[in-house]
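Report on the following structure.
Because the structure is a prediction, the values reported are computed rather than measured. For this chain, numbers begin at 1 and follow the sequence in order.
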Amino acid sequence: MRVSWDGGRLTFRLDPEDEITGRAADGHPVKLAINTCTVHDVPDEAHPDLFAVAAWTVVAPWTRRRITFDRAVSADLAAALHDGWGIEAGPVGAEPRPAGRRLAISYSGGADSVAAATIYPEAPFVHFKRVSHDRVPNRWPHYRSDVLADLAGKTGRELSVVPSDLEFTLAEPRPGYPEHHAVAAGALLLADRLDLGGLAFGYELGSRWLGGGRYLKRYTPDNPMWAPHGAWGRLFASAGVHIVLPVGGVSEAVTMRLALESDLKDQVRWCLTGATGPCRTCAKCLYKELIQAAVERRPLDTPITADHPRAAKWLRPPPYGGQEMVEYGLARVPGIERTLFGGVMHHFDATEESTTWLDHCYPPAIEEIAAPWRGRAAAFMTSEVGLMTREEALRVETWGTAGGPAPPSRKNAVK
């Protein structure tokens with residue numbers, strides 16, 4: 001792979017061994033559509049390692065053996081690419097970028113992102129905004145990136161909106177990030193200007209420790225995308241921008257509660273298609289409504305019924321993506337048995353006692369936050385959420401395995 005930057009415009013050319021259809025870090029197949037994209041409103045000059053990591057978030061799925069940049073990178077960054085992916089990177093010759101002093105929030109406006117922002121009220125926001133590509137038709141015009149950007153602008157926080165067409169580098173499955181980390185391309189290129197030493201994402205317990213929705217469905221401390229000791233964590237750190245997961249130890253029930261209780265509650269929007277509010281009929285709206293109803297202890301409020309196409313996955317047996325939150329909702333939503341989730345109940349024996357671990361914070365998630373920002377997260381989780389007991393932590397660590405421990409009792413918090 002050969003990559004070059006002209007300001008914020010990235011061009012990449014595949015080597016003979018590279019592939020048009022590759023796989024992202026979570027194992028999902030992605031097919032290349034076009035070899036150019038632009039990250040707008042970023043400086044023409046940044047440390048070469050920042051340009052390199054931003055490019056890698058786009059081209060990683062299709063690169064097989066080597067990558068040649070248009071400017072020298074540091075030996076630290078080249079080593080991170082080799083150790084993480086077996087990729088030979090060059091030319092090498094730049095000094096490493098020292099970490100900056102500030103933490104920014106990669107801000108989407110969803111409940112998880114808002115919860116992360118609540119922990120660090122002084123942190124600036126960097127918001128990725130999808131815009132059309134000048135050479136690729138938009139096959140997803142219902143995605144309302146303009147609405148999400150407008151809501152971000154109403155938060156009153158220091159904000160950098162970074163428009164980009166990089167999602168149109170994908171032909172299949174649809175426009176989207178080649179790697180999840182591509183959402184950070186703008187923040188990386190702004191890191192020198194903003195003096196960033198860390199970038200916080202809203203990935204929570206399910207994404208960080210329980211394998212997310214499509215590639216593991218079991219507990220793993222070695223998440224390939226978000227573990228700080230994993231390939232992506234080491235690569236970002238080599239460019240002086242640590243990946244920080246402020247809510248990596250709590251469930252979506254906790255992030256939902258924190259978001260709805262925050263000063264930013266009026267700007268929370270997880271729906272990607274609604275214009276004046278959530279559409280209420282997309283799969284994400286249904287899933288988040290289950291969580292919100294559970295948190296608020298009220299009946300489910302959705303127009304989706306069991307004969308709706310969006311209900312099809314819930315008519316099949318598990319496993320489900322976000323299954324821990326499905327169990328949480330089954331145990332708490334009044335009248336859930338009379339909704340489209342009624343059939344799901346037959347697959348679980350979920351009770352409030354068996355799901356109470358999802359109301360507390362998994363302590364190892366705090367320990368892995370980079371030192372400059374760890375204390376704030378620890379204090380917040382201790383006072384606002386509460387730490388898991390050892391028994392509750394075992395619920396996390398045996399997730400997805402047979403014969404897990406009995407429902408926990410709340411005693412002393414894990415140290």
Side-chain angles (χ1 to χ4, degrees), residues 8 10 37-43 46 50 53-54 57-58 100 102-133 138 140 142-169 175-204 207 236 241-247 255 258-259 262-278 284 288 373:
L10 171 66
C37 61
T38 302
V39 184
H40 299 277
D41 299 342
V42 294
L50 297 173
V53 178
T57 68
V58 177
R102 302 179 78 196
L103 176 74
I105 308 292
S106 179
Y107 183 76
S108 70
D112 303 330
S113 180
V114 169
T118 300
I119 298 173
Y120 301 103
E122 304 302 321
F125 291 169
V126 182
H127 177 74
F128 179 96
K129 179 183 179 182
R130 179 195 291 181
V131 295
S132 296
H133 197 287
N138 184 1
W140 220 33
H142 53 286
Y143 178 93
R144 297 305 304 267
S145 59
D146 56 328
V147 172
L148 300 177
D150 287 345
L151 287 170
K154 295 176 181 178
T155 61
R157 298 280 282 263
E158 179 185 342
L159 172 67
S160 299
V161 175
V162 181
S164 179
D165 57 16
L166 67 82
E167 292 182 83
F168 290 95
T169 56
Y177 304 124
E179 293 282 4
H180 289 271
H181 305 77
V183 71
L188 287 163
L189 297 180
L190 287 168
D192 285 343
R193 176 184 291 177
L194 297 177
D195 191 24
L196 299 186
L199 185 62
F201 298 84
Y203 290 98
E204 34 60 54
S207 297
F236 270 62
V241 182
H242 292 274
I243 289 177
V244 175
L245 303 185
V247 293
T255 60
L258 294 175
S262 77
D263 294 339
L264 305 178
K265 62 181 180 298
D266 292 336
Q267 287 81 46
V268 175
R269 177 72 60 83
W270 48 77
C271 180
L272 303 178
T273 61
T276 58
K284 194 167 187 180
K288 291 293 187 179
W373 305 287

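- Not counting sequence neighbours, the partners of Thr273 by the side-chain contact (heavy atoms from CB on, under 4.5 Å) test are His142, Cys271, Cys279.
- Scanning for side-chain contact (heavy atoms from CB on, under 4.5 Å) contacts around Lys154 gives Gln267, with sequence neighbours left out.
- Judged as a side-chain hydrogen bond (donor to acceptor under 3.5 Å, both in side chains), the pairs with a partner in residues 157-169 (not counting sequence neighbours) are, in order, Arg102-Glu158, Arg130-Glu167.
- The side-chain contact (heavy atoms from CB on, under 4.5 Å) search around Pro43 returns Leu190, Arg193, not counting sequence neighbours.
- Annotation: salt bridge (Lys or Arg N to Asp or Glu O under 4.0 Å) contacts of Asp150 (sequence neighbours excluded): none.
- The side-chain hydrogen bond (donor to acceptor under 3.5 Å, both in side chains) pairs that include a residue from residues 112-121 are Asp112-Thr255, where partners are two or more places apart or lie in different chains.
- Residues passing the side-chain contact (heavy atoms from CB on, under 4.5 Å) test with Ala182, sequence neighbours excluded: Thr57, Leu166, Tyr177, Pro178.
- Atom OG in Ser106 sits 9.5 Å away from atom CZ in Phe128 (nearest 0.5 Å).
- Remark: Asp195 pairs with Arg101 by the side-chain hydrogen bond (donor to acceptor under 3.5 Å, both in side chains) rule, at least two apart or across chains.
- In this structure Asp41 satisfies the salt bridge (Lys or Arg N to Asp or Glu O under 4.0 Å) test with no other residue, sequence neighbours excluded.
- Judged as a side-chain hydrogen bond (donor to acceptor under 3.5 Å, both in side chains), and not counting sequence neighbours, Lys129 has no contacts.
- Residues forming a side-chain hydrogen bond (donor to acceptor under 3.5 Å, both in side chains) with Asp192 (at least two apart in sequence, or on another chain): Arg97.
- For Asp146, the side-chain hydrogen bond (donor to acceptor under 3.5 Å, both in side chains) criterion is met by Arg144, not counting sequence neighbours.
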